[in-house]
Amino acid sequence: ETGVTQSPTHLIKTRGQQVTLRCSSQSGHNTVSWYQQALGQGPQFIFQYYREEENGRGNFPPRFSGLQFPNYSSELNVNALELDDSALYLCASSLVGNTEAFFGQGTRLTVV
Amino acid sequence: QQQVKQSPQSLIVQKGGISIINCAYENTAFDYFPWYQQFPGKGPALLIAIRPDVSEKKEGRFTISFNKSAKQFSLHIMDSQPGDSATYFCAARTIGNEKLTFGTGTRLTIIP
């Protein structure tokens, strides 16, 4: 186990709704990154948070947003859900400047 | 733009054999290359990683071979076991940038 925990593990939402996913980073890690993994694909970088600020973003629209808290935990928020948002959402924590990133087990989001 | 290309998409190897997965990259700024192992319903787990100043790194049955001039790297799994059956992802990152760029994955099946 990596020490990175995500909640919930599974979630079903209706198109147009909003969703919040949560991540607790590994002890001592100050950077959190979020990835979207569609079925049969590799993870795609959404964004990263460091010192409670967004520090890099992938090719995702503004309806994907996030937060990082003083204890380094993080949230991913997705507004106006679309069917294509159905995926496994992964959180990874790391120590800034350290190359190793450790992933949580993910949250499986299904949009119907 | 896919910056990391991975092959094959799927691979079947007999128990005890050598499994080989290949990746090629385009961005010459990449200088950290990890491999991740992912089991169904789980997040990716860091397996082994290499930096381009070495041509090979070995950890147990897992070896990364790196060819900087060809911009290619590969994962070799020696004495493959049924427990190695999983999806493997190569990835790349620029030091100082926490974003990982993943390949599309290889589903490895080890048969008795």
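Numbers restart at 1 for each chain; the letters A, B, ... are given by sequence-line order, proteins then strands.
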Does atom [atom1] of [X] have more than 12 heavy-atom neighbours from other groups under 6.0 Å away?
X: A/Asn59; atom1: CG; answer: no
X: B/Arg107; atom1: CZ; answer: no
X: B/Ile111; atom1: CD1; answer: yes
X: B/Arg61; atom1: CZ; answer: yes
X: A/Leu83; atom1: CG; answer: yes
X: B/Phe30; atom1: CZ; answer: yes

Exercise: identify the closest heavy-atom pair between [X] and [Y]:
X: A/Phe45; Y: B/Leu100; value: CB-O, 4.3 Å
X: B/Lys42; Y: A/Leu88; value: O-CD2, 4.3 Å
X: B/Pro44; Y: A/Leu90; value: CD-CD1, 3.7 Å
X: B/Leu46; Y: A/Glu100; value: CD2-CG, 3.8 Å

Greatest number of heavy atom pairs closer than 4.5 Å to chain B - which of A/Gly56, A/Ser33, A/Pro43, A/Gly106: A/Pro43

Path from B/Leu47 to B/Val4 over hydrophobic side-chain contacts below 4.5 Å: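 Same cluster: B/Leu47 reaches B/Val4 through Ile, Leu, Val, Met, Phe, Trp or Tyr contacts under 4.5 Å.
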
Part of B/Gln9 within contact of chain A (heavy atom distance under 4.5 Å):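 Neither the backbone nor the side chain of B/Gln9 comes within 4.5 Å of chain A.
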
Separation of A/Gln44 CD from B/Lys99 NZ (nearest 0.5 Å):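 Output value for this atom pair is 8.5 Å.
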
Euclidean distance, B/Thr87 OG1 relative to A/Gln41 CD, rounded to 0.5 Å: 11.5 Å

Distance flag, aromatic centroids of B/Phe102 and A/Tyr35, threshold under 6.0 Å: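 Yes: the rings meet the under 6.0 Å criterion.
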
